[in-house]
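Bear in mind the structure is a predicted one, so any value in this text is a computation, not a measurement. Atom set for the values below is all heavy atoms of this structure, side chains included, hydrogens, waters and symmetry mates excluded. Ligands are counted one by one from 1 in listed order, and the atoms in each one are counted from 1 as well. In this chain, residues are counted from 1 in sequence order.
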Amino acid sequence: MAAGRVDVPRRTDVGNLNWADKNGYDYPSTRRNDGFNLGPRRCRLEDVMRVKSDLAPMLDDGVQQPAQKKRKFSPIVLNFEEKEVRISSRNGALDAVRAPLFSNLVENSPPKSTVSDFSFVLSTLVGQQCEGVEQEQDITGKEKRLGPNIFTSRWASDSDDEDDSRSKEKIRRSSSLESGEFERDDLEGDGVLSSERSSSILSAWKDEDMECKLESDGVMDIDGTFGEDASGDQSDSDVEELAGGMNMLLGCRSVYEYERLNKISEGTYGVVFRARDKKTGEIVALKKVKILDRRELEEFGFPLTSLREINILASFNHPSIVKVKEVVVDDHDNVYMVMEYMEHDLKALMESMKWPFSRSDVKCLMLQLLEGVKYLHDNWVLHRDLKTSNLLLSNQGELKICDFGMARQYGSPQKPYTTKVVTQWYRAPELLLGAKTYSTAVDMWSVGCIMAEMLAKQPLFKGTSEIDQLRKIFDTLGTPNENIWAGFSELPGSRANYSKQRYNLLRKKFPVASFTGSAVLSDAGFDLLNRLLTYDPDKRITADDALKHDWFQTYTRNHDPNVMQLRWGKKSLLYCCGASGLAHRATMLFFVLLVSWFND
Ligand SMILES: Nc1ncnc2c1ncn2[C@@H]1O[C@H](COP(=O)(O)OP(=O)(O)OP(=O)(O)O)[C@@H](O)[C@H]1O
């Protein structure tokens, strides 16, 4: 967790954690990856973002993607440098929308309110507010069936007789709120931004200079696969999907639709609450976007880190990536991301465990982590802040990556990015040494640090400063040189006077067998760890190759709940981790006694 975070104890009742109580461990077949089962169809940000996208415009101009990699899923690119939001569709409805959010605000026109700007971005992302594009028509001009939108969603249906009076009632609460209540002001009772407010936003935006271009190459389907033709023929389901998009411009739901239960954590970019959807009873996590820098707010209308996070999370759909269900607002223009709720984060869980994870647990968690990272990298996104507190775990043993505030899209050839990314302990040596260009390998280094931490139950390199971080890495892995890392000597930080440590001592930290209780690792496991913690980023293993590594070949994913109960033990993963650690130590003690008895 980055500095500044206030950790709020979340799981004091560790003994009652029940990781396998109902279904046992259900990786991956029963993992929650099927969207939100909330009864009648509701407007969700996920729906909104289902814009057909093509391949080409997803990267910055002039940036070529390597031929061997294809983008499976194209989120919308916010190109801040060019003040452009790029959106594209199967038939290329929208290529580049010059976003008033950026153009206006950057070009000194009066700043809009946060919610307005934010809603604009969302609506721009959806591509429905572009001048000349009729919402009733699809992008090729064909008539499109209007699917559920703000007017046909359950939000709108809230205004039937029973709820009508409630929706008209303007609820005001005093600022002294009861716990569990969000402060509300002038939103309509059904939690949707008032229509006057929405339409004033709409008309403001209609005046903006929006650029819509048509493009016809690069076809991609909603499910992330590439279609064969760009002819414009859309299946019914495609039309449904498109029609299902919600116009965020006409209203985000209100945070008052949720009952606040407790604060989970306060990080650098947001406060995270546990909350309950008042209508469905579903437990969710609400991340309130923090406005750290008022100047950024004035300039861009919305914190860029949060915009990036929402853009990426809303675009992605993978069992190892936390899902954003929708974005809600309060009447003070605060914006909240509504995410699926996960019971634990890996950092807090490990802190509360007595013993480290078993190797089989680590394999299982690593597989999920690598699958998520592979998905990100396949989709041209660097997470840039992988660490244990950003890995969420459910009671069913699902692992999901969260916190995309530092994430960004990358391309080839690499462009210079900031090096002040990745929490120090998990930061790759090339970043610490000041490399201006870097790529997916920075995430893989973090994955290596996380794997080591899961095995040893403590961070691998706990540097107190950047230089101390490098020193700790060099002390364990040996001081790098040009032979093992081509280009090392050109890095700005390489000229410092580091102590020469000639050997890689990592194996000492993770021996094959140990009598001292240190984490043990098979040859295959060590090979994977070593490849993740390879100095040269070009030689560092990729997520794809890591998933195919021998270490995982012996791991069988078990889907039988009875066997899983046995494997995980009676109660919880925590219990099992403790038990397996205890059993390991008891066996070791037995052998030590046996050996000493023979020696006597
Ligand atoms: N969907 C979720 N379900 C449950 N807990 C969550 C969820 N999302 C985040 N959290 C908790 O909130 C913490 C902080 O979340 P997050 O990392 O997204 O915020 P942040 O402000 O970006 O933090 P940081 O300072 O680490 O960058 C996480 O470590 C986790 O404990």
Just go through E266, K263, E340 and tell me whose heavy atom is the nearest to atom 1 (N) of ligand 1. E340

Determine whether the side chains of D468 and S465 contain a donor N or O and an acceptor N or O closer than 3.5 Å. no

Does a donor on one side chain and an acceptor on the other come within less than 3.5 Å for D385 and T423? yes

For N390, is at least one N or O under 3.5 Å away from an N or O on ligand 1? yes

Within-cut-off N or O pair, Y341 and ligand 1, under 3.5 Å: no

At their closest point, which heavy atom of S389 faces which heavy atom of D345, and how far apart are they? O-CB, 3.9 Å

Show me which atoms of ligand 1 lie under 4.0 Å from any heavy atom of [X].
X	answer
K287	16 (P), 18 (O), 19 (O), 20 (P), 22 (O)
K387	26 (O)
V322	1 (N)
S265	12 (O), 13 (C), 14 (C)

Non-hydrogen side-chain atoms of F461 and L477 separated by less than 4.5 Å: yes

Within-4.5 Å side-chain heavy-atom neighbours: H383 and M406: no

